[in-house]
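Read the structure below first, then the notes.
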Amino acid sequence: MLPGLAYFIIFKYVPMGGIIVAFQDFSAFAGIRGSEWVGLTHFKNMFTDSEFYTVFKNTLLISLYKLIWGFPGPIILALMLNEVRHMLYKRGVQTLVYLPHFLSWVIIGGILVNVLSPATGIVNQLLGMIGLEPIFFLGSQEWFRTVLVVSDIWKEAGWGAIIYLAALASIDPQIYEAAVVDGASKWKQLIHVTLPSLIGTIVILFVLRLGSVLDVGFEQIFVLYNPLVYNVADVIETYVYRTGITQGQFSFTTAVGLFKSVISLILVVLANKAARKLGQDSLW
Amino acid sequence: MRLTRGEHLASRLNYLALGFIALLALLPFLHIVAQSFSSHQAITSGRVTLWPVDFSFEAYVKVLREQAFLNAFKVSLLRTVIGTMLNVVITCMLAYPLSKAYIKGRSAIMFLIVFTMLFNGGMIPTFLVVKATGLLNSFWVYIIPGAVSAFNVIIMKNFFQGVPPELEESAKIDGSSNIGTLIRIVVPLSMPVIATITLFHAVGHWNAFFDTVLYVTDRNLFPLQVYLRELIMFNQSNISNNNGYSANIDSTLLALESLKAAALIASTVPILIVYPFLQKHFVKGIMLGSVKG
C-alpha cells in the first residue's frame with residue numbers, strides 16, 4: 001500500500017502545493033521559497049490578455065463541436081449493431097470499429113497528414129477527380145477544426161459504443177416479446193422499448209461529458225496543429241505548454257492552468273449533482 | 001420473428017451501413033500499408049490507393065536498418081514491459097487493503113485518491129516536481145510519474161470487494177499471510193479485471209509521447225511515438241514551406257513518403273498482434289466496470 005500512497009502524495013499532492021507559484025514571480029534559481037510574491041497580478045494579466053481570450057474561446061468551441069457531433073455517434077452505432085443478428089458479422093464490425101481507439105494520436109496524426117496532404121493525399125486526389133481544387137486541410141483555419149472533430153469521431157465512436165451495447169444487452173428480452181405481442185413494429189420497438197431503456201446511460205454520460213468541457217484532447221491538437229492554425233486551434237493546455245514549458249513563463253501559465261482546473265472542478269461537481277438529481281448513479 | 005418488407009429493407013440497409021463504417025475504420029490503414037510497399041514515385045504521382053504499385057520491401061528494409069528506429073523501438077518496448085508490470089503490481093497492492101472494511105481511514109484515503117481525478121496541480125507545478133526529483137532525462141521518468149491511475153484503483157478495489165470473504169478467511173486459517181492470500185487467492189480470482197487493466201496500461205505506455213516531449217531531451221531515450229512524430233512533422237513542414245511540389249524538394253525527401261508509411265505500420269504492428277487476443281477481455285472488463293458503476 002505504501003508505494004501507491006507515496007506516489008499520490010509526491011506526484012499529485014505536492015504539485016497541488018506547487019500551485020502557489022501562480023501567486024509568485026517564480027524564478028528557477030530562487031525556487032519557490034526565494035521567489036517574490038506578486039499576489040493576483042498574473043490573474044489580472046490573464047484576464048486582460050487577448051491571447052488568453054482566443055485560447056479560451058477555442059477550447060470551448062472545439063469542445064462544443066466535439067460534443068454536438070461526437071456524442072450521438074456511439075449511440076447510433078450501438079443501436080445499429082444491436083440490430084445485427086448475424087453474430088460473426090457483428091463481431092467483425094465491432095473488431096474493426098474498436099481498433100482506432102488503440103492507436104496513438106501520433107500514428108493517427110501521421111495517417112491524417114498522409115491522406116490529407118494537398119499534393120499527394122488521397123482525399124485531395126478524390127476531390128481532384130470531381131474537379132475541385134486541393135485543400136490544405138491541416139494548414140487551413142477554416143478546415144482545421146473540422147479535421148479535429150471528424151478524426152476524433154473516427155477514433156473514438158466505436159469504443160464509445162461499448163458502454164451503450166452493455167446497456168442494450170441488459171434489456172429484458174421479455175419486454176420485446178410483449179411489444180411484439182402488442183403488434184409493435186421494429187421501429188415502434190426502438191422508440192418505445194430500446195430508447196427509454198438507454199436514456200439513463202445517455203443522460204449520465206452526457207452530464208459527465210459536460211463536466212469536462214475544458215478537456216479537449218490535448219494530444220490530438222498537439223500532434224496536428226502548426227503555426228498556420230494557432231489562431232483557431234490553440235487550446236488552454238497547448239497554450240500552457242507552449243508558453244510555460246518552452247518559453248519558461250512558469251508563473252503566468254500556472255495561473256492559467258489553475259484557472260482551468262478550478263473551472264473543471266466546479267463543472268464536474270455540478271455535473272455530478274445534476275446526474276444525481278436526475279436519479280442516475282453518480283461518480284461518488 | 002416475421003418482418004414486414006419495410007423492416008427487411010431497413011435491416012439490409014443497416015448491414016450495409018455497418019459494413020461501410022467498418023470499412024471506413026479500415027481503409028486508411030490499407031492505404032498506408034499499400035504506400036509502405038510502393039515506390040516513392042508511385043506515391044507522389046498519386047497512383048497508390050489501396051494496392052501497392054511497384055511492389056517492394058525497400059522501405060521496410062530501410063526502416064529496420066535505421067538505428068534511431070531500432071533504438072526507439074527498444075525504448076518503447078522496455079517502457080511498456082517494465083511500466084505495465086509496475087502499474088499492475090502497485091495498483092493491486094494499493095487496492096487490496098482499501099477493499100477491506102477493517103482498515104482504518106480507508107474512506108478518507110479513498111476520497112484523497114478520487115480527489116486527484118477531479119483536481120490537480122496542472123502541467124507546470126507537476127513539471128517542477130518531476131524536475132525536483134531529478135527524473136528529467138532519465139528512463140524512469142516514463143515509469144514513475146504515471147505509476148498509478150486513480151481510476152484503475154477504484155475499479156480494482158470494487159472488484160476485490162466482490163471476492164467472497166470466506167475464501168480469504170479459510171486461507172488465513174491455513175496459515176497464509178496477507179500477501180500470500182492476495183497472491184494465491186485474490187489475484188487469480190481477479191484475472192478478468194487485471195487483464196483489462198494490464199491491457200490499458202500497456203497500450204498507454206506504447207502510445208505515450210507527451211511525457212517525452214515534456215521531460216526528455218536526450219535523443220537516446222526517445223520512444224517510437226516521438227521518433228514517428230519527428231519523421232512526420234519534418235516532412236509536413238517541408239511540404240508546407242514549399243507549397244507542395246517545388247523543384248527544390250529532391251527525391252530524398254520524397255522517398256520519405258514510403259519510409260514514413262513503413263515506420264507507421266511497423267509501430268502499429270505490435271498492437272495489432274496483441275489486439276485480437278485481448279479484445280474479449282477488455283469488452284468484458286468494461287462491462288464489469290459499467291455495471292458495477
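Chain letters run A, B, ... following the sequence lines, proteins first and then strands; every chain starts at 1.
- Scanning for ring-ring contact (aromatic ring centres under 6.0 Å, His included) contacts around B:Tyr15 gives A:Tyr89, with sequence neighbours left out.
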**Q.** Stepwise side-chain contact (heavy atoms from CB on, under 4.5 Å) check, B:Leu272 with A:Phe102
**A.** CA-CA 9 Å; B:Leu272 296 187; A:Phe102 286 94; over 6 Å; no
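- Between atom CZ of residue B:Phe209 and atom CD of residue A:Glu219 there is a gap of 4.0 Å, rounded to the nearest 0.5 Å.
- Neither the backbone nor the side chain of B:Val226 comes within less than 4.5 Å of any heavy atom of chain A.
- In this structure, B:Asn207 and A:Leu103 approach most closely via the heavy-atom pair ND2-C, 3.6 Å.
- Across B:Leu18 and A:Val84, no two heavy atoms sit closer than the pair CD1-CG2, 3.3 Å.
- With chain B as partner, the option from A:Asn124, A:Leu96, A:Thr246 having the largest number of non-hydrogen pairs under 4.5 angstrom is A:Leu96.
- When the salt bridge (charged side-chain N to carboxylate O under 4.0 Å, His left out) test is applied to A:Glu83, the partners found at least two apart in sequence or on another chain are A:Lys186.
- Listed here is the closest heavy atom pair of A:Val106 and B:Arg229: CG1-N, 3.8 Å.
- Proximity to chain A (any heavy atom under 4.5 Å) is restricted, for B:Leu26, to the side chain, taken from C-beta onward.
- Residue B:Leu135 touches chain A through its side chain alone, counting heavy-atom pairs closer than 4.5 Å.
- Expressed to the nearest 0.5 Å, how far CD1 of A:Ile122 lies from CG of B:Leu27 amounts to 8.5 Å.
- When each of B:Val89, B:Thr133, B:Leu228, B:Val129 is scored by its heavy-atom pairs under 4.5 Å with chain A, the top score falls to B:Val129.
- The candidate from A:Thr95, A:Ile111, A:Leu81 with the greatest count of non-hydrogen atom pairs under 4.5 Å with chain B is A:Thr95.
- In terms of heavy-atom pairs under 4.5 angstrom with chain B, the leader among A:Val262, A:Thr254, A:Ile107 is A:Ile107.
- Top candidate by heavy-atom pairs under 4.5 Å with chain A, chosen from B:Val130, B:Ile32, B:Ile90, is B:Ile32.
- Looking at heavy atoms from C-beta onward, A:Phe8 lies out of side-chain contact with B:Phe115 at the 4.5 angstrom threshold.
- To the nearest 0.5 Å, the span separating OG on A:Ser104 from CH2 on B:Trp206 amounts to 10.5 Å.
- When all heavy atoms of A:Val115 and B:His31 are compared, the pair lying nearest together is CG1-CD2, 3.5 Å.
- Counting heavy atoms from C-beta on, the side chains of A:Pro15 and B:Asn120 never come closer than 4.5 Å.
- Remark: A:Trp154 CH2 to B:Ile21 CD1 distance equals 13.5 Å, nearest 0.5 Å.
- Interface remark: A:Phe218 contributes side-chain atoms only to the contact with chain B (heavy atom separation under 4.5 Å).
- Among the candidates A:Leu99, A:Val240, A:Leu258, A:Val256, the residue making the largest number of heavy-atom pairs closer than 4.5 Å to chain B is A:Leu99.
- Contact count against chain B (heavy-atom pairs under 4.5 Å) is highest for A:Asn114 among A:Asn114, A:Leu112, A:Val14, A:Thr253.
- Taking NE2 from A:His86 and OG from B:Ser11, the interatomic distance works out to 11.5 Å, rounded to the nearest 0.5 Å.
- For B:Ala208, no part sits under 4.5 Å from any heavy atom of chain A, backbone or side chain.
- Residues A:His101 and B:Val203 form no side-chain contact, since every pair of their non-hydrogen atoms from C-beta on lies 4.5 Å or further apart.
- In terms of heavy-atom proximity, A:Glu237 sits nearest to B:Met123 at O-CE, 3.7 Å.
- Only the side chain of A:Gln125 comes within contact range of chain B, with at least one heavy atom under 4.5 Å from a heavy atom of that chain.
- Counting heavy atoms from C-beta on, the side chains of B:Phe127 and A:Phe250 come closer than 4.5 Å.
- For the set A:Trp187, A:Phe222, A:Trp105, the count of heavy-atom pairs under 4.5 angstrom toward chain B peaks at A:Phe222.
- Between chain A and the residues B:Ala263, B:Gly146, B:Ala10, the largest count of heavy-atom pairs under 4.5 Å involves B:Gly146.
- More than 12 heavy atoms of other residues, nucleotides or ligands lie within 6.0 Å of NZ in B:Lys100, so this atom counts as buried by the packing criterion.
- Within the 4.5 Å cutoff, the side chain of B:Phe119 has no heavy atoms near those of the A:Ser264 side chain.
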